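Note sheet for the following structure.
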Amino acid sequence: MTALFPLSLSTGAFVFAAIALGFFFGFFLERAGFSSSLKLTAQFYFKDWGVLKVMFSAIVVACLGLAWLSLAGIVDFSQIYVPDAYLWPQLAGGLLLGAGFILGGYCPGTAVVAGAIGKLDALFFLGGIFAGIFGFGLVEPSIHSFNVSGALGPLTLPQWLNISHGVGAFALAVIALGAFWAAENSEGKWQLFRKTYGREQ
Amino acid sequence: MPHGLSPGGVSRRDWFRATAATAAATSAATAATPGQRAGKPALQVATNCEMCFWRCGALAKIQDGRVARIEGNPQHPLTLGRLCARGNAGHQTLYDPDRLKRPQLRTGARGEGRFQEVSWDQALDWFAARLTELKNKYGPESVAYLPHGASSGFFGTVMKAFGTPNSAEPAFAQCRGPREVGYALTFGRGVASPEPLDLANARAVVLIGSHIGENVFTSQVTQFSEGLARGAKLIVVDPRFSTAAAKADHWLPIRPGTDIALLLAWINVILSEELEDKEYLAKYAQGLDDLRAHVKPFTPEWASAETELPAGLIRDSARMMAAAKPAVVVHPGRHVTWYGDDTQRSRAMAILTALLGAWGRQGGILLPTTIKRGSFKTPPFPESKRGRADGAGTTYPLASEELGVSNGLIEATLTAKPYPIKGWVVYGQNVLESIPQRERTLSAIRLLDLLVVVDILPVEQTLYADLILPEATYLERYDAPHIVETAARPFISVRQPAVPPMYDSRPGWWIAKAMAARLGLEAWLPWKNPDEHLAKLIEPMGISLGELKARGAVAFEGRPTIEQRIEADGPLFPTESGKIELSSKLLKEIGHDAIPVYRPPADPPPGWFRLLYGRAPVHSFARTENNALLNGLMSENTVWMNDHSARDLGLAAGQRIVLQNADGNESLPISVQPTAAIRKDCVYMVHGFGQQAPGLHKANARGASDNALISRVAIDPIMGSTGMRVNFVRVKPEVQS
Amino acid sequence: MSSATQVQPPLRDLSQRMIKKHHVAIILLHWFNAITWLIELTTGAALISSEHFRFVPVWFVTMITEVSGTRANLLRFHIAAGLTWITVFAVYAIFGWQTYFHQEVLEREVALDKDDFNWLRIRVLRILGRSNEPLPPQGIYNAGQKMFALMVYVMIPVIMGTGLVMAFHWGPMTLVGWAVVLHFAAVAVVVSGLMVHVYMGAVFPEEKPAFFSMLTGMVPEEFAYKHHHKWWKEVKMLEELHAAGLAEPRPVPRPSRLAAALRMKEHWPGYWAGFGLGLTLLATFLIVGQGLGASGGFTRYLAFVLSLVAPGYASAHPYWSNYVQPGQPVLMDFLVFELIGVALGGVVSGWLAGHLKWTTDKGPRISPRTRWALAFLGGAISGAGARLARGCTSGLALSGGSVLSAGAFVFMLSVFAAGFIGAYFLRRIWL
Amino acid sequence: MARYAMVTDLTKCVGCQACTAACNSEWDVPPGHARTHVRPTGAVGKFPDLRSAFYVAQCNHCDDPPCVKPCPSGATFQADNGIVKVDRNLCIGCGFCVQACPYEARYLNPATQKVDKCDFCASRLERGRQPACVTTCTAHAKYFGDLEDSSGDIYRMVYTRGARRIESGEVKVGPNVYYLGRRGEPQLVAAMFPPRLPKLPAAGEWWSKVVKPLALALVGATFAGQAVAFFTQLRKGEGQFDE
């Protein structure tokens, strides 16, 4: 039997699906409170573990779901897009994005949601994104060799560790559960950081 | 759709697609050819067809492990990629849900239909034990073998090795026997099958009762049509306005049974008008003067009274064929067991062919070219001191000892003369439909100690069997290859399985080997598997097994005309005189007419019709009526009746009637087809319907069986065949309630 | 005419009070129904392309067909929406059988009485300016609404039945042929009623409160008093009985849990949102074959602008030419459309929870202007970083993480590292 | 673009139904139905002066196909190469086209409940193969090709050998299946199996002639009423309702 998923969609259905899926994406981001830069940055001050909880529970659900459905033959995992790994630029890009995050209070996706409900700072952040991307486009030719360094192709962690995908997914779930447990038991209890950031407590 | 595309690179999805396509292409190049449906790669196996005995080249296309489709094999030298309706429908027989699935031992009374499924080991052990019992009690000759089909030869070897000479196929005494004898008496060799008729190059074609088109052998139809398209003249002699008659330049709606009168008149016209091929006859024939003297009185005017054909038509048609000489095919017919004078009629046709100089000539009847075959060294078969029981060579002096006289075997079973026949092994034929006089066949069966039926479907005779062995269909088995010498280019074509046998069915070669092992007769089947058998067979042919199996058929150079013959081909006319025998010394010696003599047939009394029968293009005998596709094309037969006769009887089109013969036998209900296309003195139906086999869910009791109405036969005294067109039928008067 | 018996309370008081008219289930059903009708009418009209039967212009058929990709998709979509519609109605019918389908309810909502017939006559005359007669009092639904309900009650089973016959080929060819015709005829009847319904609801000023009641469930008492007097009296009578202690107090309708969750002002617990997000992400993988994202969409938008402003530059530029290729639609990308949905989803969620407001999130020690400048700067750095990493927290970390991409985890590590380290130095901004 | 056509030489055809069987097998046509069928004319005339021929019938892929218009959903359409196709995913099985075909070339497949008919084996053509009926024809009587290819067999048969269409005085829709015959077989077939007048079934007639005009009138009248109400409202202003 050929796998049912992913679907091949006509243009109209594709556009409709994209908007509908985006709708739920935006909806849940807003529900999670990610439309607030205060809530988002609170993660980095160890006051609110929402970012970690939301992000990892989403990853675990999707990851286990995909793994299970592909084991069941319902989804053809080889047809699922896995981002190409570029070790160095991704490391650097992560640092930049993290810095921009703590400086601007949002990341690109959350900024859209925040802007949508009227956060003015998010609108500025969005403007910044366009400027940043444009700027990157300007300098990319001169840093092109760095931009494509460390290319590993669509590598996944299980492939890299030479374990099966299902085991990898399961391991991730276990690690995430551990992290959740740690987060639940530590919210507001981290002495070191309470001292550093404690004024607001 | 460009989604999922990362800048500067091919997405994983696209990459996967590309590699998948390459993988598919690679496998396609090695094992498969571009696919059947939806672009899926399909495996195809070259084999030959067994929906009838013509064995056209076929390609079985396999999808998901099933034969999804059968198409013609363009590499087959005779059939050139064309297949008839039956060939196209072959897989529906393979997947017929009614198939025999497991060996069965009878538990009820004969005909009751109660059986018990057993394993092959149990079945064959039981079979071997019964054969040994019969051998010990009555001698090995007490077992008779009634085979048909490509796979029956292996078991035939076992039967011969077992020690019985009694083997008879309906192909001889119920079919083409008189033709083989009649032509052999004239030219020294029979016509054989497939008939080497050069129809495509003929400038005139004469069909006497042959109904090409309704009777479909793929290559014969192709060549016939090609000939017509090239302008060949067509003369059709048939009481019925057949498909071929509709294409004819002259249709001669002859009074049934008077063909010899017409043939003698034709010969009379040709000789009296000096239209014969004089050079050819002078060189190759003897007895021309006797013939000239013999036919002198048989003028078209004389024949007109007998045949009810206008003398002018007889004369014109004779002149038409003579004008085309020597490129004339006087079709020798195939099923020619009609009136009991069939060998003599075939003789007359052979003589006509000879007068036109058409034997061994382009556009006429071609000569065979021998293909050398390899063989294993096997012990000679045991000689029977008691000889054959069917009368071949004795009662019927010119009957073939290779093909046998099946009605002779039935006679011997009934009378226990010359010695008792106590066991029958019926292999791939349906004796209740293929042999006339059903009641006699059934009486004979009742006298048997052992009846074993090897078949694919639960046909009627399986109800009477002590043991039923389910054979694999032709799409599931290896068979002996089809080696055809009687073609312009002789060839060999292979039968190989497209899919493994379904259920618990077994191929014929396996059954033969397994039985040989049980009877201690392995020495006669000294090969391990069919490949080894085939490899040995083709050893002298200069072809490789792999090539043969991949292409399905390989052709060789032929020397089909007299002009091309070389010494190695042997004598041109292997008769006693070495010439064409227009007057037969041999026939005279054994007390028959040296030149055919016309004897008038009996006419049906008023209110009665002569029963004629024939074939439909979508069915083979009584074998294919249960095939879903073919049944959908034709699920029952009708009885053709002259529209005037039908009106006189008050019968409307489609009305269901019961036919009754002179012995009181009745048919199943059958629809009337009133038509102008048949003479008033006869009715016609397609053979093979009206079967009484409850296991055949689509075919059972659909239409009427001509064989059920053939209770009388006219035995040809020369070779024992059963003339079957001697039965008169009437519409059974309706019983008012 | 029963106006003589009308009680005359002070109207001013009435205009202040709201009384409940529609249960939330009915409201949801109504709007679901409205959307379905919109979809089905559009696709259905475009499905009939035969010259004999078509009733919309060819360009409309072509347009809708092209939006659907193929006509077969159009039919599939029509059937899928229809089946969804039938399913939802079936659920309502099963669970609401006793609520909606007993005689009392039907009499109240569908059956017309003498007042109703008079109302119809006078209503039409009044609209045409031919009468000043006062309108007879009406129940919870006026005669027009009742007539529409009746029409719908009769025609909807016909539409559903014929639709099922066509979709599943129930019956011989002739039956399917007639089903097509009946389907069309029944829809035409409903559409004619629907036109009045929509006009009355959305355009006709007098019924505006009725329109809003389909959003909130509540109508001003004044409206009930004037337009649904009989119903108002029933409500009043019950209230008086309650006040007198003669009847059980009317149970205060509690919003459903789902409604409560949807309208919850606080943020959802992280796991709820995460679970929903995970399912959305999974669905995205299944349907589209890739994950959710954000920065890639921005890049496309920017590339689109570039391709408009400076097409030559964009298609020749070593980086932008990855996106701008002659003859290739720049915006034909999943993330482009997804971002529209993200904004919509944000708005709807914010609206439900009452978060819609122009505000600026900032720490207590900085001014809004500083915050805006920092946000712009942060956005720029994030934008560049996202391009370098080939994805942001959504596209790479979230989606890539779900397929266990090695790059995603590298990226996540460095994001959190930079975040935590940066947080210390930038604590003045936030704390 | 090609213009595909088929020629059947009725002098060669023996009515063996290999074409029907190959087609049924190729397309999984259920028993009792066919995309191409062989209809005998039966014996015509007075014994013994008889004539008969076989009508090898199939979809004619007409220049002006009468089956396209009645199809409500557009499932039946004509491709650029002249092949009239049925989009099975769009067919609802109403059968309007079945009655519209003058050649009775369409049937409702009971297994799929969709209308099915000959499409000149379009999927085989895509793989560079001839239609199944052509390759199997035992009499080599069927020819298939591009009518616009002036060097092809089909062109020669139609334009120089005078292959003819089965048409009648009333029905001339430009069929693209042609018939050859030296003995007047095509004429006999045309006389015995004249194309029937394309017609809509009762449901279709009612729809186009009664239901559609009525529906448009009803909706139009309602719309007009609304328009009157709207303008009255505009004229009076909204205030009047606060009476």
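These numbers come from a predicted model, not from an experiment. Chain letters run A, B, ... following the sequence lines, proteins first and then strands; every chain starts at 1.
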Using non-hydrogen atoms and a 4.5 Å limit, figure out which bit of [X] sits close to chain B: side chain, backbone, both or neither.
X: D/Cys19; answer: neither
X: D/Leu10; answer: backbone
X: D/Arg51; answer: backbone

- Query: Between B/Lys247, B/Glu214, B/His644, which has the largest tally of heavy atom pairs under 4.5 Å with chain D?
  - Reply: B/Lys247
- Between B/Leu629, B/Val216, B/Asp643, B/Leu630, which residue shows the highest count of heavy-atom pairs closer than 4.5 Å to chain D? B/Leu629
- Query: How close do D/Glu170 and D/Leu197 get, heavy atom to heavy atom, and via which atoms?
  - Reply: CB-CD2, 3.8 Å
Report which part of [X] has an atom under 4.5 Å of a heavy atom belonging to chain D: side chain, backbone, both, or neither.
X: B/Ile678; result: backbone
X: B/Arg679; result: both
X: B/Thr222; result: both

- Could you have a look at D/Val44, D/Thr135, D/Asn24 and say which one has the most heavy-atom pairs with chain B under 4.5 angstrom? D/Thr135
- Note: vs chain B, highest number of non-hydrogen pairs under 4.5 angstrom among D/Ala43, D/Pro31, D/Cys16 is D/Cys16
For [Y], is there any backbone N or O sitting under 3.5 Å from a side-chain donor or acceptor partner on [X]?
X: B/Tyr95; Y: B/Val67; value: yes
X: B/Asn627; Y: B/Ala89; value: yes
X: D/His61; Y: D/Ile83; value: no

- Message: So, applying side-chain hydrogen bond (donor to acceptor under 3.5 Å, both in side chains) with D/Arg3, which one of D/Asn81, D/Asp146, D/Asp63, D/Asp149 is it?
- Response: D/Asp63
- Item | Side-chain H-bond candidate by donor/acceptor type, B/Arg55 with B/Asn48, under 3.5 Å | no
- Message: Any donor-acceptor pair under 3.5 Å linking the side-chain atoms of B/Trp54 with those of B/Thr218?
- Response: no
